[in-house]
Amino acid sequence: MNEIKIFSPATVANVSCGFDVLGFCLDTVGDEMVIRKTDKKGVFVTKAEGFNLPLETELNVAGVSALAMYNALKPDCGFEIEIYKNIKPGSGIGSSAASAVGSVFGMNQLLGNPCNKTQLTAFAIKGEALASKCEHADNLAPALFGGFTLVKSISPLEILQIPTPNNLYATIIHPQIEIKTVEARAILPKQVPLEDAITQWSNFGSLIHGLHTNDYQLIKRALHDVIIEPHRSQLIPYFKEVKQTALQHGALGCGISGSGPSVFSLTEGLEQAKNVEAAIKKVYSKTNIEFDVFVSKINTEGVKIIG
Ligand code: ADP
């Protein structure tokens, strides 16, 4: 096999109370990529369609993660990477992570799978760091493993796969505004009151337990973020209205996807997800902000071969 076509999914990081460690994988939106073995040694990003992204290997997230893997494995061939990007960069649903994961997943397949998914995550972290200026894996892990993932630690890298209840759906709304990740980080407090920390870890533990036991009502009671959301939500116009509307129309919870501007809601069942979609659409339709909205089942497979 000399060439492979893959689907690399969008992901939601943080998931309210799981800031920087929890994430889940989507299945209706994602990038397609073609990875090809070449006789010429090296890593070459030959196409990046959809958005204006750099083709220089060292400036493209897919190239940087591929290079990290290439330099570690030293294969006796080279690789070409074509990116067909559907996930808008900076939308908060893991655009850079999809690219970082796609190149290393594809190369691994073409090399006969020498690396496990945790090792691939370690290479992808190098690419993701190009976009976000720090090493984190909360979008990478769900894109690679699928479902819900918990990044227990970055060094040493330890990723836990958390079970996904069968009937869990996400509704994502993406207002077309720009939030710089750096700005979204800078707005966060350096210290947290003990009382808030207690609430947060109680919610986080409960969310993980709810996911393990298919307890949708516990998931609902746990999907609260008292530490990050009060600050970051100020950067997202109409966040309060969207959240209130989503909850009124059956969402188990609603929060900021990654550092925004996308906002996710989780629901039990497709019908509820569609109700939430219709209701939050109305909120943004009354504004002059352009937006996309979509519903997705939680994707338990992650990045996959499509050709
Ligand atoms: P997201 O959370 O949607 O991934 P980020 O702000 O973390 O958005 O990353 C997007 C940044 O990374 C942009 O500045 C973009 O130009 C840069 N970038 C470089 N290569 C890629 C790529 N292959 N895919 C997406 N973004 C890339």
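Atoms within a ligand are numbered from 1 in the order they appear, just like the ligands themselves.
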Open item on the list: Going by a strict under-4.0 Å cutoff (protein heavy atoms only), does atom 17 (C) of ligand 1 have a neighbour on the protein?
Closed with: no
Ligand 1 to S99, heavy atom cutoff 4.0 Å, flagged ligand atoms 22 (C), 23 (N), 24 (N)
min-distance protein heavy atom vs atom 13 (C) of ligand 1 -> P89 CB, 4.4 Å
A student comparing N60, V61, I87 should find that the heavy atom closest to atom 23 (N) of ligand 1 comes from N60
Could you check whether D292 and Q176, counting side-chain N and O atoms only, form a donor-acceptor pair closer than 3.5 Å?
yes
For A222, is there any backbone N or O sitting under 3.5 Å from a side-chain donor or acceptor partner on S206? no
Atom 3 (O) of ligand 1 has as its nearest protein heavy atom G90 N, 3.0 Å
Among non-hydrogen protein atoms, atom 6 (O) of ligand 1 lies closest to T181 OG1, 3.4 Å
Measure from NZ or CZ of K40 to the centre of the six-membered ring of F44 and say whether it is under 6.0 Å with the direction within 45° of the ring axis. yes
- Taking the six-membered ring of Y169, is the NZ or CZ of K297 close enough (under 6.0 Å from the centre) and on axis enough (within 45°)? yes
Among non-hydrogen protein atoms, atom 5 (P) of ligand 1 lies closest to S96 OG, 4.0 Å
query = In terms of ring plane angle, is the pair Y284 and Y238 parallel, tilted or perpendicular, where the classes change at 30° and 60°?
reply = perpendicular
Closest to atom 24 (N) of ligand 1 by heavy-atom distance, out of H174, K85, M33, is K85
ask   = So, is S95 polar-close to ligand 1, with some N/O to N/O distance under 3.5 Å?
value = yes
The residue among D225, N14, I179 that forms side-chain contact (heavy atoms from CB on, under 4.5 Å) with R232 is N14
At under 4.0 Å between heavy atoms, what of L130 touches ligand 1? The answer is neither
If only side-chain N and O atoms count, and only distance matters, is there a donor-acceptor pair under 3.5 Å linking K88 with S95? no
If you compare G92, P261, A62, S262 by their heavy atoms, the one closest to atom 2 (O) of ligand 1 turns out to be G92
Any heavy atom of E128 under 4.0 Å from ligand 1? The part involved is neither
Exercise. Protein heavy atom under 4.0 angstrom of atom 9 (O) of ligand 1, is there one?
Worked result: yes
Strictly by modelled atom types, are N108 and N113 linked by a side-chain donor-acceptor pair under 3.5 Å?
yes
Ranked by distance from atom 15 (C) of ligand 1, the top protein heavy atom is L53 CD2, 3.9 Å
Are S91 and ligand 1 in contact, using a heavy-atom cut-off of under 4.0 Å? yes
Checklist entry - Should G258 be listed as contacting ligand 1, given a heavy-atom distance under 4.0 Å as the test? => result no
Check: Can you find a side-chain donor-acceptor pair between H136 and S132 that sits under 3.5 Å?
Finding: yes
### Message
For a quick check under 3.5 Å, do S65 and S103 share a side-chain donor-acceptor pair by atom type?
### Response
yes
- prompt: Is any N or O atom of A131, backbone or side chain, closer than 3.5 Å to an N or O atom of ligand 1?
  reply: no
Check your understanding: Would you call the rings of F24 and F148 parallel, tilted or perpendicular if under 30° counts as parallel and over 60° as perpendicular?
Key -> tilted
